[in-house]
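Beneath this line is the structure, given in structure tokens, with notes to follow.
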Amino acid sequence: MRLYDTATRAKVAFEPLEAGKVGIYVCGPTVYDYCHVGHARCYVAFDVIVRYLRQLGLAVTYVRNVTDIDDKIIRRAQEQGEEPLALAARFTDAFHEDMRRLGNRVPDVEPTVSGHLPEIIALVERLVASDHAYVVDGDVYFAVDRFADYGALAARQLDELQAGARVEVDPRKRSPLDFALWKAAKPLEPSWPSPWGAGRPGWHIECSAMSERYLGATFDLHGGGMDLAFPHHENERAQSRASGGATSFARYWLHNGFINVRTAELGEEKMSKSLGNFFTIREVCARHEPEALRLFLLGTHYRNPIAFEIDARPEGPTFPLLEEAERRLGYAYRTVQRVRSARSSAAGAALSGAAPMGPALAGSGPAVLPPADAFRERFAAAMDDDFNTAAALGLLAELLAQANKLLDQAKGQPRDVVARTLAAIDAGLETVSAVLGLLGDDPQAFLQRRRDKLCQARAIDAAQVAAQIAARGAARRAKDFKQADALRAELSALGVELMDRPDGTTDWVVREEPVSATP
RNA sequence: GGCGGCGUAGCCAAGUGGUAAGGCAGAGGUUUGCAAAACCUCCACGCACCAGUUCGACUCUGGUCGCCGCCUCCA
């Protein structure tokens, strides 16, 4: 398996530190607000990476922290007259809810800063003792010039950094680049006792302390958003290597690309809280199936930027790419439903056109028809290549088309070949569900939920639709097609599309495009 | 100013030295009483532009243009 390592800026072969085991640390959220689509992308990407590593049979320890002590949390809490840790707890719950809806698995360990003060203080003490850090008035700073390799992760030159430093420099720091490991307490801020007096941890030290606690001084993978590479990850690395040895800490660095917001009038810009142009996961999920967001995100390789298209309308913004993803999901679930029901029906009796297995056919020909026969291998090859979910979804598209084709007309294929191919397709769908976290819902439930939602949006009364369908059925049986078509047209005007099944029953869906004012 | 990324059909998006996956939209067809769903066929002689390397380049090298980001909190 090959992955792109930020530190070496190249795709490299992945070799776990310890055969059969993988330790991965992903920087989690600072919980002072609801998570937006950008966060969703990061956590979906790493969820898939963890799922795939597990699929390969590796014993993965997935650690994703929650930062619950931080300047922004304190500020927000003061604004709202709330205790900082209470506010953090509230948004942690919201975060967990968002993750669950997106289909992300729960990490093995989800450490909080507030729960790891002893580890953090011990690490700072070690850095002070080894002269990698110094104390000024109750603050503790990391001395960047005591770590020769500083800047190597994010490819920064120290002199250039200093030239570009725009923040006002604290004159007590030896170098402008030095960063706080421990901050002395200020009035009205939460604080904890330490050897340097009451205070709280700096931003970067938590990840160093907590990754060491749960994964050891050296571990395999460290992930996060691209913007975290510098300075956050550079600083983590400096702290950890200064205390744990020159080759310690993360062995590979993975960084996901960003979400840009694209609107007709403003063009593209990064989605971020500071720009105020973000859409929260919950607000997007109020309009669309969370799984549609997941499918949308996995449609682009995790390191590439994604333009999140916004169609600004008087009645509120819509997300055309999510609408497309949701329609696609409808197709996928309809197909899954067909596959499962065909496989469970007796002897594949529902299949048309499949020739009975004869002696001449037994043992000859392909056991499983392409492309289903090679799905597993090709899926693995895509994922082995730096977790290429976009390529994997291309393979899924072929698999779904083959399933429908086979189910529509088996074209004289031996029945056992059809059965085996369907079994292979089903197995492929299981793999997709396990690794990508897609199509794991009950198809019937998904389709029903979606139709209900569309009905509600258009004020369609399902009982009335059923009555109209019954009336049309009677008309059809009486061969009164004029009347039947009139009823169909009536429903169609409401946005209801009828689908006559071969068995004489009629199913219906709500059309997804807005109904045009005049035909 | 330094560093990094991106630019592939109307739109989304893989590919990254051997002659352009997949999806959406569109056109035609099969099927259907009519539809819908589903399937099939078609849809980039070309991968921002220019110049090189090569038997061969979307893929490598150099340059140009455009967009985004990091260097400050940020997924």
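A, B, ... follow the sequence lines: proteins, then strands. Residue 1 opens every chain.
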**Prompt:** Any cation-pi pair here, A/Lys273 with A/Tyr32, using under 6.0 Å and within 45°?
**Reply:** yes

#### Entry: A/Arg476 charged N/C atom sitting above A/Phe481 aromatic ring, 6.0 Å / 45°
no

Ion pair A/Arg282/A/Glu97, N-O distance below 4.0 Å: no

- Query: Would you call A/Asp47-A/Arg51 a salt bridge at under 4.0 Å N-O?
  - Reply: yes

Does a side-chain N or O from [X] land closer than 4.0 Å to OP1 or OP2 of [N], or not?
{"X": "A/Arg262", "N": "B/C12", "result": "yes"}
{"X": "A/Arg334", "N": "B/A38", "result": "yes"}
{"X": "A/Lys405", "N": "B/C40", "result": "yes"}
{"X": "A/Lys270", "N": "B/C70", "result": "yes"}
{"X": "A/Asn260", "N": "B/G69", "result": "no"}
{"X": "A/Asn404", "N": "B/C39", "result": "yes"}
{"X": "A/Arg488", "N": "B/A36", "result": "no"}
{"X": "A/Tyr4", "N": "B/G4", "result": "no"}

Picking from B/C71, B/G15, B/C68, the nucleotide nearest the side-chain atoms of A/Asp385 would be B/G15

Closest of B/C39, B/C71, B/A75 to the A/Phe230 side chain is B/C71

Spacing of the [atom1] atoms in [M] and [N] (rounded, Å):
{"N": "B/C43", "M": "B/A38", "atom1": "P", "value": "22 Å"}
{"N": "B/G17", "M": "B/A13", "atom1": "C1'", "value": "22 Å"}
{"N": "B/C60", "M": "B/G69", "atom1": "P", "value": "25 Å"}
{"N": "B/A27", "M": "B/A21", "atom1": "C1'", "value": "22 Å"}

Pair assignment for [N], Watson-Crick or G-U wobble, requiring both distances under 3.5 Å:
{"N": "B/U59", "answer": "none"}
{"N": "B/G10", "answer": "B/C24"}
{"N": "B/G69", "answer": "B/C3"}

Within residues 297-306 of chain A, the residues having a heavy atom closer than 4.0 Å to RNA chain B are A/Gly299, A/Thr300, A/His301, A/Asn304

The side-chain contact (heavy atoms from CB on, under 4.5 Å) partners of A/Phe142 (sequence neighbours excluded) come to A/Leu127, A/His132, A/Val144, A/Phe147, A/Phe179, A/Leu181, A/Ala238, A/Gln239, A/Ala242

Here the gap from A/Phe379 atom CZ to A/Leu396 atom CG, rounded to the nearest 0.5 Å, amounts to 8.5 Å

When A/Leu498 and A/Phe258 are each assigned the nearest nucleotide of RNA chain B, the 5'-most assignment goes to A/Leu498

Of A/Arg378 and A/Val509, the one whose nearest nucleotide on RNA chain B sits closer to the 5' end is A/Arg378

### Task
Answer yes if the ring centres of A/Tyr43 and A/Phe95 are under 6.0 angstrom apart, and no otherwise.
yes

Sorted by chain and residue number, the ring-ring contact (aromatic ring centres under 6.0 Å, His included) partners of A/His232 (sequence neighbours excluded) come out as A/Trp203, A/His204

